Engineer: 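My questions will all concern the structure given below.
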Amino acid sequence: MSSRNATRADFEQVIRAIKEKLVDPQKYITHRMQLSEVKQLFEGLLLPESKVIKAMIEVNQPVQMTSQ
């Protein structure tokens with residue numbers, strides 16, 4: 001359920017398993033945060049004691065892009 005070093009075939013296998021209900025991806029989500037919290041919380045997610053399996057960033061507001 002990860003993307004590190006995954007191949008296209010790996011993704012296809014995972015998607016197939018989800019569609020066939022062989023895997024429930026919700027079980028692997030251990031942490032959720034808002035986009036505005038990422039800067040504050042990110043380093044903590046890297047600590048072994050946080051026991052992160054999959055962290056999800058929720059974006060409930062449109063992101064404002066500024067030109068530089």
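Here, residue 1 is the first one in the sequence, and each next residue gets the next number. What you see below is based on every heavy atom in this structure, not just the backbone, and it leaves out hydrogens, waters and symmetry mates. Predicted model only: the values in this text are computed from it and were never measured.
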Engineer: Taking all non-hydrogen atoms of both residues into account, name the closest pair between Met33 and Ala55 and its distance.
Structural biologist: CE-CB, 4.2 Å
Engineer: So how far is it from Ile15 CD1 to Glu20 CD, rounded to the nearest 0.5 Å?
Structural biologist: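 If I round to the nearest 0.5 Å, the distance is 12.0 Å.
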Engineer: What's the spacing between Lys51 NZ and Leu45 CG if we round to 0.5 Å?
Structural biologist: 15.0 Å
Engineer: Are Leu41 and Val59 grouped together when hydrophobic residues (ILVMFWY) are joined by side-chain heavy atoms under 4.5 angstrom apart?
Structural biologist: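 Same cluster.
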Engineer: Please round to the nearest 0.5 Å and tell me the distance separating atom CD of Glu58 and atom CE of Met56.
Structural biologist: 7.5 Å
Engineer: Is there a donor-acceptor contact under 3.5 Å from the side chain of Gln40 to the main chain of Glu37?
Structural biologist: no
Engineer: Is it the case that one hydrophobic cluster holds both Val23 and Ile29, taking links as side-chain heavy atoms less than 4.5 Å apart, direct or via other members?
Structural biologist: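 In one cluster: no.
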Engineer: Hey, is the main chain of Ile53 close enough, under 3.5 Å, to the side chain of Thr30 for a donor-acceptor pair?
Structural biologist: yes
Engineer: Are the side chain of His31 and the backbone of Ile57 linked by a donor-acceptor contact shorter than 3.5 Å?
Structural biologist: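 Not a single qualifying donor-acceptor pair exists.
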Engineer: Hey, quick one: are Val38 and Leu47 part of the same hydrophobic cluster, counting side-chain heavy atoms closer than 4.5 Å, chains of contacts allowed?
Structural biologist: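 They do not share one cluster, since no chain of ILVMFWY contacts under 4.5 Å joins Val38 to Leu47.
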Engineer: Is Arg16 salt-bridged to Glu12, cutoff N-O under 4.0 Å?
Structural biologist: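 Salt bridge: no.
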